Amino acid sequence: MSNQSAGTSFHMENFKRRSRYAMVFILLILAFGLITVLNINTGNVHISLSEIIDILLKKATDTKEYSIIWKIRLPRILMAAILGGALSLSGFLLQTFFENPIAGPFVLGISSGAKMVVALVMIIFLGRGIALGSTALILSAFIGSLISMGFVLVCSGRVRSMAMLVVCGVMIGYICSAITDFVVTFADDAKIVNLHNWSMGSFSGISWENVRVITVVTVLGMAMAMLLAKPIGACQLGEEYARSMGVNIRRFRVELILLSSILSACVTAFAGPISFVGIAVPQLVRRIFGTSKPLFVIPGCFFGGAGFCLLCDLIARTIFAPTELSISTVTAVFGAPVVIWMMVKRTHN
């Protein structure tokens, strides 16, 4: 009788967990859809829901609103969603790698390294009248990410304290940002001076070509992350357990570094450095799901990051319209308190 009762209790707990996971995904998708609609119809030109439906179905193609939605708002919305998801996923991978809940592309200086190399490459080529494509920007940002990651890994080999490692990452970020600000400040060309807006973080000026490129890279990155879900889950239980399950720890760590670097590089290449998304969203997703299982957390991080960046971008472009705030300003307002709360709670625990 007791065995039957224990079995029933186990099935009930399993059912409750799965119901919770399903409910969280439904809420994330509904929130994402609502924020997307708000982004489409909110701006200097208000567009009603009925007009939006007609325009999306291409029933009204010769109006000003059609051009606003298809040429300006939709590319920006899709880019904000995709890059927000990529940045959140990159943060989750870095937190797994360093086993540190406050590890993220911005805090560890990885975004700043990507920004530095992209700015230097753009200044060199724009100064000679050569335009750069999406692939060149991503490769430049990827190289910068790897450079910063290399310095962080060197520090991690010498510094055992995770808090000190984060400090080292912040210092690397400051150095890279200082170099970027220096070269941008003394640039003469008008196009190069406009790099200042990009270096502060923005989703403006996005084209459909950019969206297509970033969609391909991010979908591949998401697929690779899902393939790593099993070894990530094993490593969460300790390296010895992961080895006993057949995980090649060295290769796994290299894969995590490369994947997190390419995802954060994509974000920096097109939108500049964006702060706190890669730290705050994965932690909130874990809390909401009540689990760290990668099969649920990975897609949850993507949807959570997408919705969070869409909301922050909506606030950035509307709260003081027509003046637009940098996206990092808004993400810091919402993300920094989450990080502080996490650090305080971890200290008390």
Side-chain angles (χ1 to χ4, degrees), residues 1-37 81 84-104 219 221-242 244-247 252 256 259 276-311 334-335 337-349:
M1 187 70 178
S2 62
N3 288 338
Q4 184 180 359
S5 177
T8 303
S9 177
F10 172 78
H11 287 300
M12 282 298 296
E13 286 297 322
N14 194 36
F15 175 75
K16 288 180 181 179
R17 284 197 300 269
R18 291 184 180 277
S19 299
R20 178 173 181 170
Y21 301 155
M23 184 60 67
V24 171
F25 274 120
I26 291 170
L27 291 175
L28 284 174
I29 293 170
L30 289 175
F32 176 79
L34 176 61
I35 297 169
T36 300
V37 172
L87 189 57
S88 176
L89 182 54
S90 175
F92 170 70
L93 295 175
L94 287 172
Q95 288 167 13
T96 301
F97 180 87
F98 288 105
E99 299 178 356
N100 189 333
I102 58 173
V219 167
M222 183 72 174
M224 292 175 66
M226 291 302 292
L227 291 175
L228 290 174
K230 189 174 180 179
I232 288 174
C235 285
Q236 287 175 342
L237 298 174
E239 281 193 14
E240 292 302 320
Y241 177 79
S244 69
M245 294 296 292
V247 177
F252 170 70
L256 279 186
L259 186 54
F276 293 104
V277 178
I279 307 176
V281 174
Q283 293 299 321
L284 290 175
V285 168
R286 285 194 187 99
R287 292 280 178 181
I288 294 170
F289 275 102
T291 182
S292 295
K293 292 181 179 178
L295 280 175
F296 300 106
V297 175
I298 289 174
C301 281
F302 190 86
F303 277 109
F308 182 73
C309 276
L310 275 177
L311 177 62
F334 292 104
V338 175
V339 176
I340 293 170
W341 170 72
M342 283 165 20
M343 292 176 69
V344 170
K345 188 166 185 178
R346 193 181 184 200
T347 301
H348 282 298
N349 290 339

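In this text, all values refer to a predicted model and were calculated from it rather than measured experimentally. Atoms considered below: every heavy atom in the structure, side chains included; atoms not considered: hydrogens, waters and symmetry mates.
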Roughly how far apart are Thr96 OG1 and Leu228 CG, rounded to 0.5 Å? 10.0 Å

In terms of heavy-atom contacts, does CZ of Phe296 have more than 12 from other residues, nucleotides or ligands at under 6.0 Å? yes

Please identify which of these residues, Leu87, Ile279, Ile232, Val281, meets the side chain to side chain contact (heavy atoms under 4.5 Å, CB included) condition with Phe92. Ile232

Check whether any side-chain N or O of Thr36 sits under 3.5 Å from a backbone N or O of Phe32 as a donor-acceptor pair, and report yes or no. yes

Sequence neighbours excluded - side-chain hydrogen bond (donor to acceptor under 3.5 Å, both in side chains) pairs with any residue from residues 291-304: none

Separation of Phe334 CZ from Leu311 CG (nearest 0.5 Å): 6.0 Å

Shortest non-hydrogen contact between Ala234 and Val247, atoms and distance: CB-CG2, 4.2 Å

So CG of Leu34 and CD1 of Ile29: to nearest 0.5 Å the spacing works out to 14.0 Å

Could you tell me whether the side chain of Ser88 and the main chain of Gly84 form a donor-acceptor pair under 3.5 Å? no

Closest approach of Leu94 and Gly104, non-hydrogen atoms and distance? CD1-C, 3.7 Å

On a heavy-atom basis, the closest approach of Ala306 and Ala81 is CB-O, 3.2 Å

Give, for atom NZ of Lys230 and atom SG of Cys235, the distance between the pair rounded to the nearest 0.5 Å. 12.5 Å

All heavy atoms of Ile298 vs all of Ala229, minimum pair found to be CD1-CB, 4.3 Å

Could you grab the distance from atom CD of Glu239 to atom CZ of Phe252, nearest 0.5 Å is fine? 9.5 Å

For residues Pro299 and Pro294, report the shortest heavy-atom separation together with the two atoms involved. CD-O, 3.9 Å

Only pairs under 3.5 Å count here: list side-chain donor-acceptor contacts from residues 19-27, not counting sequence neighbours, and write none if there are none.
{"residue": "Ser19", "atom": "OG", "partner": "Phe15", "partner atom": "O", "Å": "2.8"}
{"residue": "Arg20", "atom": "NE", "partner": "Ile288", "partner atom": "O", "Å": "3.0"}
{"residue": "Arg20", "atom": "NE", "partner": "Phe289", "partner atom": "O", "Å": "3.4"}
{"residue": "Arg20", "atom": "NH2", "partner": "Arg287", "partner atom": "O", "Å": "3.3"}
{"residue": "Arg20", "atom": "NH2", "partner": "Ile288", "partner atom": "O", "Å": "3.0"}

Rounded to the nearest 0.5 Å, the CG atom of Leu256 sits from the CZ atom of Phe98 at a distance of 10.0 Å

